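In what follows, a single structure is set out as structure tokens and then discussed.
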2 protein chains.
Amino acid sequence: MSITLHDIARKSGFSVTTVSRVFNKQTARYRISRETASYILQVAGELNYRPNQIARGLRLKKTHTLGLIVPDISNPFFAYLIRIIQRFSHTFGYSLVVCDTDENVDLENEHIEVLRSKGIDGLIIMPVGQSSSHLEYLVLENMPLVLVDRCFEGLQTSSVTVDNRRGAFEAVDYIAGCGHRRIAIVQGLPHTYANNERVQGYREALSKNGISPDERLMVGNDFRSEAGYTAARQLLKIESRPTAIFATSDLIALGAIQAIREEGLTIPEDISLVAFDDIEFAMSLACPITAVAQPKEQIGETAVQLLIEQIKNRGKQRPKHVMLAPKLIVRDSVRRIDRPNGRTERQAG
Amino acid sequence: MSITLHDIARKSGFSVTTVSRVFNKQTARYRISRETASYILQVAGELNYRPNQIARGLRLKKTHTLGLIVPDISNPFFAYLIRIIQRFSHTFGYSLVVCDTDENVDLENEHIEVLRSKGIDGLIIMPVGQSSSHLEYLVLENMPLVLVDRCFEGLQTSSVTVDNRRGAFEAVDYIAGCGHRRIAIVQGLPHTYANNERVQGYREALSKNGISPDERLMVGNDFRSEAGYTAARQLLKIESRPTAIFATSDLIALGAIQAIREEGLTIPEDISLVAFDDIEFAMSLACPITAVAQPKEQIGETAVQLLIEQIKNRGKQRPKHVMLAPKLIVRDSVRRIDRPNGRTERQAG
DNA sequence: ACAGACCGCACAAACGTTTGTGCAGAATAA
DNA sequence: TTATTCTGCACAAACGTTTGTGCGGTCTGT
């Protein structure tokens with residue numbers, strides 16, 4: 001269908017070899033004369049030649065294509081990351097094939113296999129979590145790989161994450177600093193790295209503020225909004241309900257807001273709320289939500305950079321683990337209430 | 001690096017040809033004995049063979065990969081569509097390479113060229129709008145192509161859109177039916193198909209309700225939230241400000257909500273608001289927003305189906321234009337006010 | 001005038017598949 | 001027995017590139 005080197009060779013009277021070299025800017029190295037080069041380029045221009053990247057890929061064993069595997073494309077956090085990653089990949093000359101695992105390890109595996117057989121040059125994965133055994137042979141095979149958002153302890157591969165524990169700690173510590181004692185947490189998908197860390201940060205903040213954890217205040221089992229909604233409803237039913245809720249994701253927070261509204265309560269007067277993951281449209285919500293913002297641009301940027309690095313010096317290079325700092329953005333969703341000792345000021349620095 | 005047909009051929013003692021035919025289930029056609037076939041499969045299993053799709057792509061001239069070009073991946077509407085399209089493509093055995101144009105025609109062109117040279121089997125584009133000249137040679141070359149969300153009059157290619165005009169009409173007619181006379185519109189990117197149609201629907205609804213259009217009430221120049229914010233601020237400054245705002249996108253509505261809040265006003269008491277594009281988290285907003293919902297699943301689904309159809313019977317098939325119906329979802333963001341004639345009931349059916 | 005260096009380019013193999021055709025040997029038919 | 005068909009598989013070309021090597025011819029130096 002398309003114009004090939006052959007066509008240009010025939011029309012220009014030179015060989016395929018020469019034409020190819022002109023396109024690869026190898027004219028100096030292989031001593032192609034200037035006139036020949038420019039003539040060939042002219043002919044190619046007339047024919048509107050575009051090199052066949054499949055053939056190149058076969059010959060060169062690189063496709064200039066990256067794979068990106070995410071748990072849920074439509075999650076705004078991931079969507080934003082995808083955009084950043086796509087843009088950066090493109091500036092480095094790479095295309096991006098995007099796969100959605102729907103938080104399903106089998107699907108994740110399937111996608112990995114497909115991507116491998118399509119010869120992608122590297123892979124960015126936001127793994128669904130729990131187990132990493134299916135990723136091990138990727139690193140064994142030396143496939144350039146970087147994990148994002150969630151990582152695994154034992155895996156010898158680069159990763160970029162945010163300090164989930166610290167983010168959660170700061171959020172909950174801030175809530176406690178505002179005088180709250182009954183602070184609930186709505187968890188995300190259990191046994192995932194991000195969730196474990198955030199719960200851990202929650203516990204530590206509680207501990208630091210001398211609050212003993214209450215199992216009934218620890219609910220939730222998914223990062224999505226429906227789960228946030230039902231978990232929040234559950235919390236609001238408790239006889240002595242929490243005065244504040246720490247939502248471990250923005251989507252959970254959205255669900256919680258809806259539940260709170262339906263219960264006829266308002267934020268922050270009746271109940272306070274802090275979210276992990278900043279919501280871009282936080283200012284448009286029922287109440288501007290205080291949230292732990294992740295540096296999304298930076299996450300996407302370094303993910304691509306780490307990957308490209310690995311691709312360049314494929315083979316030997318130690319994996320790098322980059323951990324970025326989240327940032328608590330204080331808005332209006334936490335009410336300051338009297339502490340037992342009577343102080344009302346915000347305590348956290 | 002990888003196991004090839006060659007390896008299996010050597011290890012099994014048969015030829016590459018035979019091995020290939022076994023994998024392509026051509027054993028009957030080419031009379032490969034059952035024992036041979038199963039033995040080859042066994043050997044392949046032991047070696048963990050995965051066919052090299054690049055080589056197949058070169059030979060077969062199909063890559064089982066689709067291209068998807070969108071103006072903004074992180075826009076929740078597009079993000080949701082991408083997810084649907086990815087899922088459907090995958091069930092049909094296709095991967096998806098996703099490109100973001102950032103509403104920039106030059107970038108759109110660049111992506112198209114890259115995708116072409118990578119030999120994708122088909123292309124789904126949500127074009128940035130205005131001109132379609134750069135798409136024409138795609139249809140000339142018989143590239144399977146379907147346009148989504150925005151389409152062009154003259155272009156001989158399949159498309160799936162929603163009835164933007166009708167959606168806008170119903171929204172504004174509903175607002176008018178609630179008694180509003182000063183109804184503003186915040187437009188999206190000018191000269192795009194979607195924007196033109198929505199403005200047209202707005203005008204028609206005004207006309208039907210005997211309201212003469214006021215140019216000062218027609219503001220906005222982009223579908224994103226920042227534009228919505230500034231446009232809304234502008235509207236609120238007008239001496240006799242509108243009683244209702246029709247936002248031509250969900251993002252615009254979010255920006256408008258923020259502006260309204262900052263002005264110290266509330267929805268719907270002080271000002272009413274309706275959005276085009278339903279926001280998934282509408283229930284978590286300052287006020288549950290009445291919105292024109294687009295059937296996103298159906299859009300994505302039919303887009304993929306139309307594309308696959310075109311790929312199957314490439315060559316001759318007339319382009320199909322599918323136009324889906326949007327649906328007005330009434331929530332709480334429009335206040336019913338007294339009509340000049342004293343009636344307060346909602347009028348629209 | 002002659003050896004060597006240099007210039008400008010082409011041959012051919014390779015990347016991993018798919019597929020039309022051909023070719024032995026076995027089975028069947030006459 | 002011989003002619004024919006069938007069975008089971010392999011040869012080789014092709015897809016569009018890239019690249020190590022080689023080969024004639026011109027130029028330079030002496």
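Note on naming: letters A, B, ... go to the chains in the order of the sequence lines (proteins, then strands), and numbering restarts at 1 for each one. From a predicted model like this one, the values you see are computed outputs, not experimental measurements.
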Next item on the list: Evaluate side-chain hydrogen bond (donor to acceptor under 3.5 Å, both in side chains) for A:His134 paired with A:Glu108, printing each intermediate quantity in order.
Entry: CA-CA 9 Å; A:His134 59 298; A:Glu108 182 171 308; 2.7 Å; yes
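Judged as a salt bridge (Lys or Arg N to Asp or Glu O under 4.0 Å), the pairs with a partner in residues 83-95 of chain A (not counting sequence neighbours) are, in order, A:Arg83-B:Asp72, A:Arg83-B:Asp100, A:Arg83-B:Asp102.
In this structure, A:Phe23 reaches neither bases nor backbone, as no heavy-atom distance under 4.0 Å exists between it and the strands shown. Across all strands, A:Leu60 comes closer than 4.0 Å only to sugar-phosphate atoms, never to a base (heavy-atom distances). Contacts of A:Arg34 with the nucleic acid, taken as non-hydrogen atoms under 4.0 Å apart, are absent.
Rounded to whole Å, the distance from CG on B:Asn52 to P on C:dA14 is 17 Å. The distance from atom CD of A:Gln53 to atom C1' of D:dC15 is 15 Å, rounded to the nearest whole Å.
A salt bridge links B:Arg116 with B:Glu141: at least one charged nitrogen is closer than 4.0 Å to a carboxylate oxygen. The pair A:Glu103-A:Arg224 fails the salt-bridge criterion, with no side-chain N (NZ, NE, NH1 or NH2) lying under 4.0 Å from an Asp/Glu carboxylate O.
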Item checked: Per-nucleotide protein contact string for nucleotides 22-27 of chain D, where B marks a base within reach and S marks sugar-phosphate only (heavy atoms under 4.0 Å, - for neither) -> ------
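Between B:Tyr39 and the phosphate of D:dC9, there is no side-chain N or O to OP1/OP2 separation shorter than 4.0 Å. At the phosphate of C:dA14, neither OP1 nor OP2 sits under 4.0 Å from any side-chain N or O atom of A:Lys61. Residue B:Thr4 places none of its side-chain N or O atoms closer than 4.0 Å to OP1 or OP2 of C:dC15. A close approach under 4.0 Å does not occur between any side-chain nitrogen or oxygen of A:Tyr30 and OP1 or OP2 of C:dA10.
The stretch residues 6-20 of chain A comes close to DNA chain C through A:Gly13, A:Phe14, A:Ser15, A:Thr17, A:Thr18, each having a heavy atom under 4.0 Å from the strand.
Residue B:Thr36 has its side chain nearest to D:dC9 when only C:dT19, C:dA10, D:dC9 are considered.
A distance-only check finds a donor-acceptor pair linking the side chain of A:His111 to the backbone of A:Leu107 [under 3.5 Å].
Taking the ring axis of A:Tyr193 as reference, the NZ or CZ atom of A:Arg150 does not stay both within 45° of it and closer than 6.0 Å to the ring centre.
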